[in-house]
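Let me begin by handing over the structure; questions about it come next.
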Amino acid sequence: MNLLFPSKLPLISHPTPLQPLSRLQQQLGPDAPTLWMKRDDLTGLLVSGNKVRKLEYTLAKAKALGVDTLITCGGIQSNHCRATAVLGAQLGLKVHLVLRGPEEAMKTGNHLLGALMGATIDVYPLKEYVTDLDAILRQHQQNYAQQGRKAMIIPTGASDGTGVWGYLDAAKELQRDFERAAIQPEYIVCATGSGGTQAGLTLGCHLSSKNAQVMGFAVCDNEAYFYKKVMQDIRDWQADYAQAVDLADMKVLVNDQYIGPGYAKATPEIYACIQGLAKTEGILLDPVYTGKAFYGLLQEIKRGRFKGCSNIVFIHTGGVFGIFSESHLPHW
Ligand SMILES: *Cc1c(COP(=O)(O)O)cnc(C)c1O
């Protein structure tokens, strides 16, 4: 992979660890592939998780364009919005977050941190958010322009042609991790929500000679939606950065069977899986993304989906603060 990467702001304590899950492995039986975890929940403390990898590139672009205000959007417990609020405060940029309810999940977890970082936060009911999001974001941008500010709109999850660089970069880091561990994993698995993580990893693996397949476990929407979204981000990347790469035989693998009741709604099985990994390995998954994806991966392993594979790598994309808005639930 000989790509010329654009400049990024170094915002992460690189590289994150790749570790085997030895005690969990014993519970999976002798036929299961060896499970590894890439600890992108350790990209930092307040910026913890996958979004900062994309934002390293997004915010480098913002700086180059002379932007002084960031406008972005997401769920009330959005990890992306929290990471943007933290980075905005660290870089001296104003941050305006457009969030969607439910309001019960306010003042805790990610929402609390965003507020503490000084972000301006508007919360909209789900229906209004879904129908009017683009107009709301543009209106804020215009208002800031009238105040003489230059505002950039960052899309949901920072998933766009620029954000793709973040997990392309991570794919390179993974290659070095694999060499060090002397493994050639057949699959790299992640939770997929706005598609950018899967887009970068899929492209990175496609461009590498090693041929690991990337499988995204959807936490909302369906397989067809994510196929389209991942391809769109990659095509935007290709167009925005004039990259002449052949995408003809690139595979986008999505499993949409473990979404449960809906986005940010988990089942008792998922809570049990989170608690199980916490007790066994001292690693915390989150109920919105990683808990669902990891539960899905374990179920698929038990069903024999990965029979014959030697190594599988799960990307822990973070979300630690999301647990706190769930503390009232009876499952714990
Ligand atoms: C956003 C997020 C994801 C999904 O990543 P996308 O690039 O949006 O698909 C997964 N896990 C966590 C914890 C996240 O915050």
Could you tell me if S48 and D41 have a donor-acceptor pair between their side chains, going purely by distance under 3.5 Å? no

Does a salt bridge link R100 with E128, judged by any charged N lying under 4.0 Å from a carboxylate O? no

For Q142, all residues meeting side chain to side chain contact (heavy atoms under 4.5 Å, CB included), sequence neighbours excluded: Q139

Answer whether the closest heavy-atom distance between the side chains of L59 and I154 falls below 4.5 Å. yes

Taking all non-hydrogen atoms of both residues into account, name the closest pair between I188 and A212 and its distance. CD1-CB, 4.1 Å

Show the numbers, then the answer: is there a side-chain contact (heavy atoms from CB on, under 4.5 Å) between V252 and M231? CA-CA 8 Å; V252 178; M231 287 307 295; 3.7 Å; yes

Judged by atom type as modelled, is there a donor-acceptor pair below 3.5 Å linking the side chain of K292 to the main-chain atoms of I259? yes

Minimum heavy-atom separation for C205 and V214, please, with both atom names. SG-CG2, 3.7 Å

Please tell me whether T84 and K51 have a donor and an acceptor in their side chains that are separated by less than 3.5 angstrom. no

Strictly by side chain to side chain donor-acceptor pair (under 3.5 Å), give each pair with a member in residues 210-228 just once, sequence neighbours left out. none

Exactly one of D40, T58, I12 clears side chain to side chain contact (heavy atoms under 4.5 Å, CB included) with V52, and that residue is I12

Show me, pair by pair, the donor-acceptor contacts under 3.5 angstrom made by side chains of residues 24-33, not counting sequence neighbours?
from : atom 1 : to  : atom 2 : distance (Å)
Q25  : OE1    : L35 : N      : 2.8
Q25  : NE2    : P33 : O      : 2.8

Show your reasoning for whether side chain to side chain donor-acceptor pair (under 3.5 Å) applies to E326 and Y271. CA-CA 10 Å; E326 309 270 320; Y271 290 110; 2.4 Å; yes

What pairs of residues pass the salt bridge (Lys or Arg N to Asp or Glu O under 4.0 Å) test when at least one of them lies in residues 72-86, not counting sequence neighbours? none

Passes side chain to side chain donor-acceptor pair (under 3.5 Å), Y187 versus N311? Steps please. CA-CA 7 Å; Y187 285 93; N311 294 281; over 6 Å; no

Got a salt bridge between R303 and E300, using NZ or NE/NH1/NH2 to carboxylate O under 4.0 Å? yes

Residues D122, H140; criterion side chain to side chain donor-acceptor pair (under 3.5 Å); working and verdict: CA-CA 11 Å; D122 299 334; H140 284 311; 3.1 Å; yes

Could D68 and K94 be called an ion pair, given the rule that one side-chain N must be under 4.0 Å from one carboxylate O? no

Under a single-linkage definition using a 4.5 Å side-chain heavy-atom cutoff for Ile, Leu, Val, Met, Phe, Trp and Tyr, are M117 and L91 assigned to the same hydrophobic cluster? yes

Shortest non-hydrogen pair, E56 vs L11, comes out as OE2-N, 2.8 Å

In this structure, would F217 and Y295 fall into the same cluster of hydrophobic residues linked by side-chain contacts under 4.5 Å? yes

Per the side chain to side chain donor-acceptor pair (under 3.5 Å) rule, what does the pair list look like for residues 273-284, sequence neighbours excluded? R23-E281

Minimal non-hydrogen separation, L97 against A85, with atom names: CD1-CB, 4.4 Å

Do W165 and L3 come close enough that some side-chain heavy atom pair is under 4.5 Å? yes

Which residues pass the side chain to side chain contact (heavy atoms under 4.5 Å, CB included) test with S78, sequence neighbours left out? H80, C81

K172 charged N/C atom sitting above F5 aromatic ring, 6.0 Å / 45°: yes

Does Y289 share a hydrophobic cluster with F226, counting links as ILVMFWY side-chain heavy atoms below 4.5 Å and allowing steps through other members? no

Worked check of side-chain contact (heavy atoms from CB on, under 4.5 Å) between Q232 and D236: CA-CA 6 Å; Q232 191 58 51; D236 288 348; 3.0 Å; yes

Is there a donor-acceptor pair under 3.5 Å between the side chain of T202 and the backbone N or O of A199? no

Is the backbone N or O of G49 less than 3.5 Å from a side-chain atom of T43, with the two atoms forming a donor-acceptor pair by type? yes

Check the hydrophobic clustering (I, L, V, M, F, W, Y; side-chain heavy atoms under 4.5 Å; chains of links allowed) and say if L42 and F314 are grouped together. no

Please report whether the ring centroid of H96 lies less than 6.0 Å from that of Y144. yes

Joint hydrophobic cluster, L18 plus L297, side-chain heavy atoms closer than 4.5 Å: no

Using distance alone, with no hydrogens and no angle criterion, decide if T162 and Y241 have a side-chain donor and acceptor under 3.5 Å apart. yes

What pair of heavy atoms forms the shortest contact from I323 to L284, and how long is it? CG2-CD2, 4.2 Å

